[in-house]
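Structure record follows, encoded as structure tokens.
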Protein chains: 2
Amino acid sequence: MKKLELVKGDVLQRKGDSNSKVFLVEQGLLYAYTIDEKGKEHIFMFAPKGWIVADISLAPNTSELYIEAIEDSVVIEKKRSSELNNTSNIKLERRIAVLQNRVIMLMSASAIERYSHFIKTYPEIVQRVPQRMIASYLGITPEALSKVKSAKMKNNKK
Amino acid sequence: MKKLELVKGDVLQRKGDSNSKVFLVEQGLLYAYTIDEKGKEHIFMFAPKGWIVADISLAPNTSELYIEAIEDSVVIEKKRSSELNNTSNIKLERRIAVLQNRVIMLMSASAIERYSHFIKTYPEIVQRVPQRMIASYLGITPEALSKVKSAKMKNNKK
DNA sequence: CTCATTTCTTAATCTAGGTTAATGCATATT
DNA sequence: AATATGCATTAACCTAGATTAAGAAATGAG
């Protein structure tokens with residue numbers, strides 16, 4: 001738990017780094033973002049004074065996100081594990097991880113990519129739920145989902 | 001903290017209801033969704049066995065979400081406040097609330113609606129950050145954001 | 001088993017937002 | 001001051017996915 005002074009442009013965490021740290025913004029403004037395969041940046045969140053920024057993902061030790069200072073800033077760095085001392089915390093963190101993934105998907109992935117990710121992540125649910133609900137969860141229409149599925153089959157990517 | 005037995009189609013919580021409850025799924029499958037102004041349903045999450053479902057929104061007592069059973073299910077109902085006994089929990093809940101809003105926005109709102117919501121919710125950040133970052137946060141291109149802004153000005157909806 | 005309702009698929013058309021490219025502004029750098 | 005680099009805006013075109021519509025398949029109720 002130490003205090004860090006940052007100047008505009010400093011990068012606190014890179015994709016692939018350990019994600020065991022949590023940063024509390026004491027002053028200034030940071031932001032967290034991903035960069036997709038095409039090199040495009042997608043801003044996941046802004047973190048002004050008083051907010052916490054962290055990559056809270058399901059993968060144990062690989063950050064999905066870059067965290068960077070937009071302005072000169074002061075942050076407190078904590079170990080994430082110190083937050084994990086009770087059950088409700090763990091459940092809440094899992095929820096955040098799922099939502100983080102969902103936001104990144106919605107921002108950066110096409111219908112096909114979203115569907116592929118969904119069936120990989122929730123294979124049991126795919127079986128138990130009507131197509132129109134999956135479409136709605138993915139943020140597309142049932143008609144578009146039909147198209148996606150037949151496109152996938154033709155490509156043997158079933 | 002009581003146990004509820006649900007049959008397929010039972011609605012646990014409606015938009016506008018108190019959101020002070022958290023449901024732990026012991027068996028079956030539930031889902032949480034919003035309905036937009038046009039009557040269209042947007043599925044926010046599925047909740048199979050072992051998951052928690054709840055509307056964790058910033059507004060104190062008005063759920064944004066409907067929660068409903070897709071299959072016959074058994075859930076444990078808890079008071080949400082019982083989860084709120086320490087600081088890190090409150091911070092985590094705030095993060096979830098923000099992410100919940102963000103997912104709903106990304107799923108159901110047009111570029112104009114997303115921008116309007118953003119400037120209302122984070123007026124300070126709009127001033128401190130380049131346009132291209134706001135566009136990226138909204139999930140649109142800087143060019144599209146330019147269009148949106150000039151469209152808004154013409155409509156006096158500035 | 002039959003009729004009704006909902007779900008899924010396919011196809012034709014439409015549109016919001018993406019892509020590309022050119023231009024004007026700022027802010028840096030020498 | 002002059003040049004360079006990045007940011008914002010505008011406009012012409014393009015494309016993924018929405019909308020609309022109709023038929024086929026599945027599910028359900030009596």
Side-chain angles (χ1 to χ4, degrees), chain A residues 7-9 29 31 33 35-43 46 68-72 105-119 125-155 157-158, chain B residues 7-10 29 31 33-43 46 68-72 105-119 125-155 157-158:
Chain A
V7 305
K8 183 175 170 174
L29 180 62
Y31 76 121
Y33 59 95
I35 295 180
D36 67 24
E37 332 74 56
K38 290 151 217 147
K40 195 169 175 186
E41 175 181 301
H42 300 274
I43 297 185
F46 294 108
E68 183 174 331
I70 297 180
E71 302 172 353
D72 295 353
M105 274 293 135
L106 287 170
M107 281 203 300
S108 62
S110 67
I112 289 200
E113 293 164 332
R114 262 129 85 177
Y115 180 62
S116 300
H117 181 264
F118 180 75
I119 56 180
I125 291 178
V126 179
Q127 316 295 71
R128 290 158 72 187
V129 141
Q131 297 298 307
R132 41 163 284 273
M133 285 196 182
I134 294 173
S136 170
Y137 180 88
L138 298 177
I140 61 178
T141 59
E143 293 85 350
L145 179 55
S146 257
K147 246 193 272 182
V148 159
K149 288 199 299 176
S150 63
K152 276 192 78 140
M153 282 203 292
K154 276 170 206 154
N155 277 0
K157 281 178 187 164
K158 202 209 159 180
Chain B
V7 304
K8 184 176 170 172
D10 280 356
L29 180 61
Y31 76 122
Y33 59 95
T34 29
I35 295 180
D36 67 24
E37 333 74 56
K38 289 152 218 145
K40 195 169 174 186
E41 175 182 301
H42 300 274
I43 296 185
F46 295 108
E68 183 174 330
I70 296 180
E71 301 171 354
D72 295 353
M105 274 291 135
L106 287 170
M107 282 203 299
S108 63
S110 67
I112 289 200
E113 292 164 332
R114 262 128 86 178
Y115 180 62
S116 299
H117 181 263
F118 180 76
I119 57 180
I125 290 178
V126 180
Q127 316 295 72
R128 289 156 74 185
V129 141
Q131 298 299 305
R132 40 165 283 274
M133 285 196 180
I134 295 173
S136 171
Y137 180 88
L138 298 177
I140 61 178
T141 58
E143 293 85 350
L145 180 55
S146 260
K147 249 193 267 183
V148 160
K149 289 197 298 178
S150 63
K152 278 191 74 140
M153 281 203 295
K154 276 170 204 154
N155 277 0
K157 283 179 187 165
K158 203 209 160 182

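Please read these numbers as outputs of a predicted model, since none were measured by experiment. Below, each value reflects all heavy atoms present in this structure, side chains not excepted, and no hydrogens, waters or symmetry copies. Every chain is numbered from 1 and lettered A, B, ... according to where its sequence line falls, protein lines coming before strand lines.
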Work out which heavy atom in [X] is nearest to a heavy atom in [Y]; give both atom names and the distance.
{"X": "A:Pro142", "Y": "A:Arg132", "result": "CG-CB, 4.0 Å"}
{"X": "A:Val7", "Y": "A:Asp72", "result": "CA-OD1, 3.3 Å"}
{"X": "A:Leu29", "Y": "B:Arg128", "result": "CB-NH2, 3.6 Å"}
{"X": "B:Ile70", "Y": "B:Lys8", "result": "O-CG, 3.1 Å"}
{"X": "A:Met133", "Y": "A:Val129", "result": "CB-CG1, 3.6 Å"}

Taking only heavy atoms on the protein side, list every residue of residues 138-148 of chain A lying under 4.0 Å from any atom of DNA chain C, sorted numerically.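 Result for residues 138-148 of chain A: A:Glu143, A:Ser146, sorted by number.
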
Using atom types as modelled, flag every donor-acceptor pair under 3.5 Å from a side chain in residues 105-115 of chain B to any protein atom, sequence neighbours excluded.
residue  : atom : partner  : partner atom : Å
B:Ser108 : OG   : B:Ile104 : O            : 2.7
B:Ser110 : OG   : B:Glu113 : N            : 3.4
B:Ser110 : OG   : B:Glu113 : OE1          : 3.3
B:Glu113 : OE1  : B:Ser110 : N            : 2.7
B:Arg114 : NE   : B:Leu138 : O            : 3.1
B:Arg114 : NH1  : B:Ala109 : O            : 2.8
B:Arg114 : NH2  : B:Leu138 : O            : 2.8

Min side-chain heavy-atom separation B:Thr141-A:Lys40 under 4.5 Å: yes

Atom-pair distance ([atom1] on [X]; [atom2] on [N]), nearest Å:
{"X": "B:Ile70", "N": "C:dT7", "atom1": "CD1", "atom2": "P", "value": "12 Å"}
{"X": "B:Arg132", "N": "C:dT27", "atom1": "CZ", "atom2": "P", "value": "16 Å"}
{"X": "B:Gln131", "N": "D:dG6", "atom1": "CD", "atom2": "C1'", "value": "14 Å"}
{"X": "A:Lys149", "N": "D:dG17", "atom1": "NZ", "atom2": "P", "value": "16 Å"}

Working to the nearest 0.5 angstrom, can you tell me the gap between B:Ile43 CD1 and B:Thr34 OG1?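 Output value for this atom pair is 9.5 Å.
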
Tell me whether the OP1 or OP2 atom of D:dT19 has a side-chain N or O from B:Lys40 closer than 4.0 Å. yes

Kindly state which residues belonging to residues 105-117 of chain A come within less than 4.0 angstrom of DNA chain D, counting heavy atoms of the residue only, listed by number.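 Close to the strand are A:Ser110, A:Ala111.
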
